[in-house]
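Okay, so here's the structure we're looking at.
In what follows, residues are counted from 1 in the order of the sequence shown. Everything quoted here is computed from the prediction, not taken from an experiment.
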Amino acid sequence: MTAARTDNRLLDTPMQPLRCRACAAELLVRKSSWHQTSVQWNAEALATCRELGAAPMPGPSLAGCSQLQETIRDAATSGNLPVVERTPA
């Protein structure tokens, strides 16, 4: 796959809102592939996320919120969150 094709596919699949099933924080998310996820936090989501609030180190991190990871995985698997590069999981 060429870089130009990847860029166009990303432009065609913008980040979309996704609400965490555990705390209802709403973030912008895009799954570029099954192994790559982009997440855009906002102040409201940071204040709402229970796991990030309890984390020993400050700052948003997908790895720091297991509930968000599960929400994103389930949304991608069910087709509610498009995966730009559709390869087997």
Side-chain angles (χ1 to χ4, degrees):
M1 179 180 305
T2 66
R5 183 170 178 204
T6 300
D7 292 343
N8 289 338
R9 293 178 82 191
L10 292 178
L11 291 174
D12 291 342
T13 309
M15 295 183 89
Q16 70 177 50
L18 183 69
R19 195 169 291 279
C20 178
R21 67 177 177 216
C23 69
E26 186 175 84
L27 305 105
L28 292 176
V29 179
R30 176 177 50 229
K31 287 291 289 170
S32 298
S33 72
W34 287 104
H35 302 286
Q36 201 283 326
T37 304
S38 299
V39 177
Q40 184 175 352
W41 289 86
N42 57 50
E44 184 179 342
L46 286 170
T48 304
C49 181
R50 294 181 207 135
E51 283 193 40
L52 288 180
M57 296 179 63
S61 168
L62 177 62
C65 183
S66 64
Q67 294 299 312
L68 181 60
Q69 284 179 324
E70 291 178 21
T71 300
I72 292 170
R73 183 191 66 234
D74 291 348
T77 302
S78 69
N80 291 325
L81 178 64
V83 178
V84 176
E85 183 180 324
R86 282 248 175 236
T87 56

dist Lys31:NZ -> Gln16:CD (nearest 0.5 Å) comes out at 12.5 Å
Would you name the heavy atoms of Cys65 and Cys49 that are closest together and state the gap between them? SG-SG, 3.7 Å
Spacing of Thr48 atom OG1 and Asn42 atom CG [to the nearest 0.5 Å]: 8.0 Å
Given 3.5 Å as the limit, does a donor-acceptor pair link the side chain of Arg30 with the main chain of Pro14, or not? no
Please name the pair of heavy atoms, one in Ala24 and one in Arg19, separated by the smallest distance, quoted to 0.1 Å. O-NH1, 2.7 Å
Tell me whether Glu51 contacts the main-chain N or O of Ser66 through its side chain, where contact means a donor paired with an acceptor under 3.5 Å. yes
Test of understanding: with side chain to side chain donor-acceptor pair (under 3.5 Å), list the residues that count as partners of Asp74, not counting sequence neighbours. Arg21
Any non-hydrogen side-chain atom of Val29 less than 4.5 Å from a side-chain atom of Thr71? no
Separation between CD of Glu70 and OG1 of Thr77, rounded to the nearest 0.5 Å: 11.5 Å
Would you say that Pro17 contacts Leu28 through its side chain, given a criterion of any heavy-atom pair below 4.5 Å between the two side chains? yes
Kindly give the heavy-atom pair with the smallest separation between Ala76 and Val83, and that separation in Å. CB-CG2, 3.9 Å
Sidechain-backbone polar pair: Glu26 side chain, Glu44 backbone, donor-acceptor under 3.5 Å: no
CG/Leu81 to CE/Met15 distance, rounded to the nearest 0.5 angstrom? 9.5 Å
Looking only at heavy atoms, what is the nearest atom pair of Leu68 and Cys20, with distance? N-SG, 4.1 Å
